[in-house]
Amino acid sequence: MTDPSAPRQPSLAERAMAARGNQAAAGYLAGLNPEQQAAVETLDGPVLVLAGAGTGKTRVLTTRIAHILNQRRAFPSEILAVTFTNKAAREMKERIAHLVGEAVEGMPWLGTFHATGVKILRRHAELVGLKPGFTILDTDDQNRLLKQLIQAEDIDEKRWPARVLASAIDGWKNRALTPDKVPAGEGAAYANGMGLKLYADYQARLKVLNAVDFGDLLLETIRLFRENPGVLAEYQRKFKFILVDEYQDTNVAQYLWLRLLAQRQEGRPQNICCVGDDDQSIYGWRGAEVDNILRFDKDFPGATVIRLERNYRSTGHILAAAAHLIAHNEGRLGKTLFTDGEDGAKPTLTSVWDSEEEARSIGEELEQLQRQGHLLNEAAILVRASFQMREFEDRFITIGLPYRVIGGPRFYERLEIRDALAYLRCVAQTSDDLAFERIVNTPKRGLGDATLQQLHDHARAQGVPLMQAARVLTETEEMKPKARRALKDLIDSFDRWAGQIEAMPHAELAQLVLDESGYTEMWQKDKTAEGAGRLENLKELVRSMEEFENLAGFLEHIALVTEARGEGETEDAVSIMTLHSAKGLEFETVFLPGWEEGLFPHQRSLDENGRAGLEEERRLAYVGITRARRRAKIYFAGNRRIHGLWQSTVPSRFVNDLPPDHVEISEGLGTSGYGGMGRGGFGQSRFDKVESFSSTYATPGWQRAQAQKSLNDAQARFTGRTGSQAFGSTYAEGRGGFQGRLTDRSGSGRTIEGELVAKSTGEPSRYQPGDRVFHLKFGYGDVVSAEGNKLTVQFDKAGEKKVVDSFVQAA
DNA sequence: TTTACGGGGTTTTTT
DNA sequence: ACCCCGTAAA
């Protein structure tokens, strides 16, 4: 192992080359610390860069590529750089462009594992029994295909859902297990031993359909390499340098894929550089093997290991808290982050009564920060599970605080988008059976199961695609006249559209297809909020197509990319997302709610993976804290509604993993919280007082809460609040008859909201009771009352909600 | 073709 | 408690 503090002196030749009149040379290395510089300049042999959170990982990766190019060690086309997500690939590309300009355009091998896999596979498709135009199935296609196979085997779909099998197959593929390699025991687990057979059937069916799923993009490439050493050698020679981002997230298949490409050639070790952080491995549940990073130097003997521990992101106390927390994990390579920066504010720890108070507190802290000039864009709420998001959304809608939910349903996975894409796939490739099946009766054309079955039978008998079968059958008398006419119309339409591919811009063609097929109309008839939203999405889809060369190019792109290109999110809004999707991001202020046993660490993680599960959860906590630059705010509630039931909860063990010296116990909302909300009247005996209403709260949750009082007192000891205080403010609010009364009491609370609202619009409400309005999230509804800018609306679907009028439009 | 009911599930997510 | 899905019945 090379001592990172003593970077290798460049050879004379290297220095001469570097001096070759390149001004940028000095520039790109200048701002690096010694370890980063070593990571950039150690070009020969295997290198593992253990990059802690916020230590400049991406910078090292991109600078290293710039350095390779600058040193003329390889052409841009000879560098393989792989990431996990498109987002990471995009970011890397942008940052390299920053360093080396146009040269990045010559880097065709910078991309995700899967995109790289497709690229290789398309070139050699015939060698693995595919045709070059093979389609890439997504999860949905996969499920429908599996469902067919399950039905064919007469297996009870209820007991053995297709998606369970899909995820089993996925898991096998993550571990590079082809049907012949699956351990017998595992193969038997599904449907009394049918699992393995179904997996094999599925693979056979994919071949017939000339299709692959995501897992195959890697597995088939591995097979290609193994069965064709010549092809492998070609790529091994081609890739002079290999760089891998987030190495701790690689699964077995990706690992094998990399190993094949990185095999030593002619006795020389390969120039592979993997960057990762074992402490940020949070995807074990989807097949990531932390082990890959832990045993890197065994896989690549003589590897240089460089640790990046100087953190440029967070203040001292935040780092100390994160470091102390993660130190509770065993089985890590061990890094300790440090900073030369200021200590800053200590992370805060706040105990709240329930999730509602949690949302209210965070909302008020956000408003307070905003008044101090803090951008909402620079704040994020990171939750363990997505159901936690709703509470925040509800609260923020009520107080009119702009927010953004990151990572909801993906654009291309939405029903309407998938339908639209299926139409386009059929236009582009008449043999795409899965796409055809999807839209044959969408919108309803009276082409039901019976017709489809007929098509299937014929198609299978003749060995032709469904659309071809349909073409033949409509020429005969075998079908009912009604179905026959409908089907004929559809086929004719597809012929017509396909004839237009060359003749008109593909975005226009898409619009034409959607309109003429009746698909647009189908959603226009749907008057719910959903319908309107879906039409919006369809418009967005057509718009986004313009960025692509042609229809085929567009379809290839979306098969690999699940996110829509983000419209410039310009509005200042707080982000709400899961801890998982926060990896790689950073914010000035980070709120970490829900630190309770069972939720975080999640019970299921503990149940299913025991100690390993716990450690992964703890890494998740570590990821959460290290997202913060200046403020990290941790919360735990004493009660939380889970699956609709109130459950009393115990603070997370991670709370106790934090170093007391670096954490500040927060008094909740300070003055604006208990006192400021005008509930001071409850005073010291708040608990007793509420208790006297206990008949009103004779819910199981409340009873449990009372039984839990001693536990809460224990919490209170930790938070420095008395037990009764820990019971918090408003159990009653939002529940039945006390709502009005407590709302009245909270006059000062309304003032806070009033200020905010006044700031945002300054106008009296444009709406009156009885007005029909539309809300993006809740759909259509009638205004019940209007008070300033705040409306109470009875929504058709979502029930009565308080919203700020700028969130709705007249309907 | 729509609607009503029952049943099952309810952590994290990419490609 | 709620939501999604699929099936059965109108």
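Side-chain atoms are counted along with the backbone in the values below, which use heavy atoms only and exclude waters and symmetry mates. Residue numbers begin at 1 in each chain, while the letters A, B, ... track the order of the sequences.
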Less than 6.0 Å separating the ring centroids of A:W285 and A:H580? yes
Whole-Å distance between C:dC4 C1' and A:R163 CZ? 10 Å
If we require ring centres under 5.5 Å and near-parallel planes under 30°, does A:H580 stack on B:dT12? no
Contact class for A:K173 (heavy atom, under 4.0 Å): base, sugar-phosphate, or nothing? nothing
Value in whole Å for how far the P atom of C:dA1 lies from CD of A:E391: 16 Å
Is the distance from OP1 or OP2 of B:dT14 to the nearest side-chain N or O of A:T112 less than 4.0 Å? no
Please give, in whole Å, the distance from B:dT14 P to A:M577 CE? 12 Å
Atom CG of A:D213 to atom C1' of B:dT15: distance rounded to whole Å? 10 Å
Report the relative orientation of the aromatic rings in A:F654 and A:F600; use parallel for angles under 30°, tilted for 30 to 60°, perpendicular for over 60°. perpendicular
Measure from the side-chain heavy atoms of A:S581 and tell me the nearest of B:dT15, B:dT13, B:dT11. B:dT13
Looking only at atom P, what distance separates B:dT12 and C:dC5, rounded to whole Å? 16 Å
A:L261 versus A:F225: any side-chain heavy-atom pair under 4.5 Å? yes
If you check every side-chain atom of A:T578, which of B:dT15, B:dG9, B:dT12 has the closest atom? B:dT12
Interatomic distance, A:R445 CZ vs B:dT1 C1' [rounded to whole Å]: 15 Å
What I want to check is whether the side chains of A:D213 and A:Y202 have a donor and an acceptor closer together than 3.5 Å. yes
Pick base, sugar-phosphate or nothing for A:Q388, based on heavy-atom distances below 4.0 Å to the nucleic acid. nothing
Which nucleotide wins on minimum distance to the side chain of A:Y283, given the candidates B:dT11, B:dT15, B:dT13? B:dT13
Protein-nucleotide distance (A:E597, atom CD; B:dT11, atom P), rounded to Å: 17 Å
Choose from B:dT15, C:dG6, B:dT11 the nucleotide whose nearest atom is closest to any side-chain atom of A:S386. B:dT11
Distance, P atom - from C:dC2 to B:dT13, rounded to whole angstrom: 24 Å
Atom-to-atom span, CD of A:E617 to P of B:dT12 - whole angstrom: 11 Å
Among the nucleotides B:dT1, B:dT13, B:dT11, whichever has the atom closest to the side chain of A:K444 is B:dT1
Need to verify one output field. Residue with the more 5' nearest nucleotide on DNA chain B, A:A385 or A:D170? A:A385
Pair A:E246, A:Q248: side-chain N/O donor-acceptor within cut-off below 3.5 Å: yes
Of the listed nucleotides B:dG9, B:dT13, B:dT14, the one nearest the side chain of A:W285: B:dT13
Would A:N292 and A:T250 count as having a side-chain donor-acceptor pair, cut-off 3.5 Å? yes
Contact nearer the 5' end of DNA chain B, comparing A:E616 with A:G446: A:G446
With a 4.0 Å cutoff (strictly under), does any side-chain N or O of A:K147 reach OP1 or OP2 of C:dG6? yes
Using atom C1' in both nucleotides, what's the gap between C:dG6 and B:dT11 to the nearest angstrom? 25 Å
Between C1' on C:dC2 and CZ on A:R390, what's the gap in Å once rounded to a whole number? 8 Å
Where the side chain of A:N86 is defined as all heavy atoms beyond and including C-beta, which of B:dT13, B:dT12, B:dT15 is the nearest nucleotide? B:dT15
